[in-house]
Amino acid sequence: MLGPLDWIIIAVYLILTIAVGILARGRQHSAEDYFTAKGGFSGVLGSILVGLSLAATLFSGISLLAFPSLVYEHGLRILGIIVTLPIAWAVLAWFFLPRYMADDWSHPYEVVEACYGRSVRRLTATLFILMRLG
């Protein structure tokens with residue numbers, strides 16, 4: 001059961017989220033502006049911010065519920081996955097993101113299309129959607 005402090009935290013969070021949305025209203029004139037912040041996320045700080053955004057997207061609340069049950073079901077085998085996460089983060093932060101941010105990409109799927117063609121881009125987008133639905 002939620003206590004009064006919990007409700008206050010939820011209310012403040014919602015109010016701040018709405019305030020940020022209202023203050024940012026009208027600043028984007030295209031999808032490009034929305035996804036790239038008009039090129040404002042460059043350098044190390046930009047890479048960190050984009051990386052944190054990706055991590056928040058991939059490791060949602062469901063992940064917080066899923067990992068304990070996976071450890072319970074599969075034991076220490078899941079530890080290998082957890083141990084490799086910092087390695088994947090390092091590759092993302094120091095290899096992929098600087099290259100991604102240096103070019104004029106709007107979406108990661110554009111990188112896939114540039115390297116492998118439109119059909120592979122469609123396939124990866126479809127697989128991602130199916131993975132999220134699964």
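Keep in mind that this is a model prediction, so the values were computed, not measured.
A single hydrophobic cluster is seen to contain both M131 and Y109, as judged by linkage of ILVMFWY side chains at heavy-atom distances under 4.5 Å, directly or through other members.
Screening residues 67-76 for side-chain hydrogen bond (donor to acceptor under 3.5 Å, both in side chains), with sequence neighbours left out, gives H74-R77.
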Can you list, pair by pair, the side-chain donor-acceptor contacts under 3.5 Å of residues 84-92, counting residues two or more places apart and other chains?
residue	atom	partner	partner atom	Å
T84	OG1	G80	O	3.2
T84	OG1	I81	O	2.8

Could you go through residues 2-13 and list every donor-acceptor pair under 3.5 Å that involves a side-chain atom there, pairing it with any protein atom two or more places apart or in another chain?
residue	atom	partner	partner atom	Å
D6	OD2	G3	N	3.0

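Through direct or relayed side-chain contacts under 4.5 Å between Ile, Leu, Val, Met, Phe, Trp and Tyr, I18 connects to I22. Clustering of Ile, Leu, Val, Met, Phe, Trp and Tyr side chains at separations under 4.5 Å places L123 together with L127. Hydrophobic side-chain contacts under 4.5 Å tie L130 to no other Ile, Leu, Val, Met, Phe, Trp or Tyr residue.
Here the OG-CD distance, from S119 to E113, works out to 9.5 Å after rounding to the nearest 0.5 Å.
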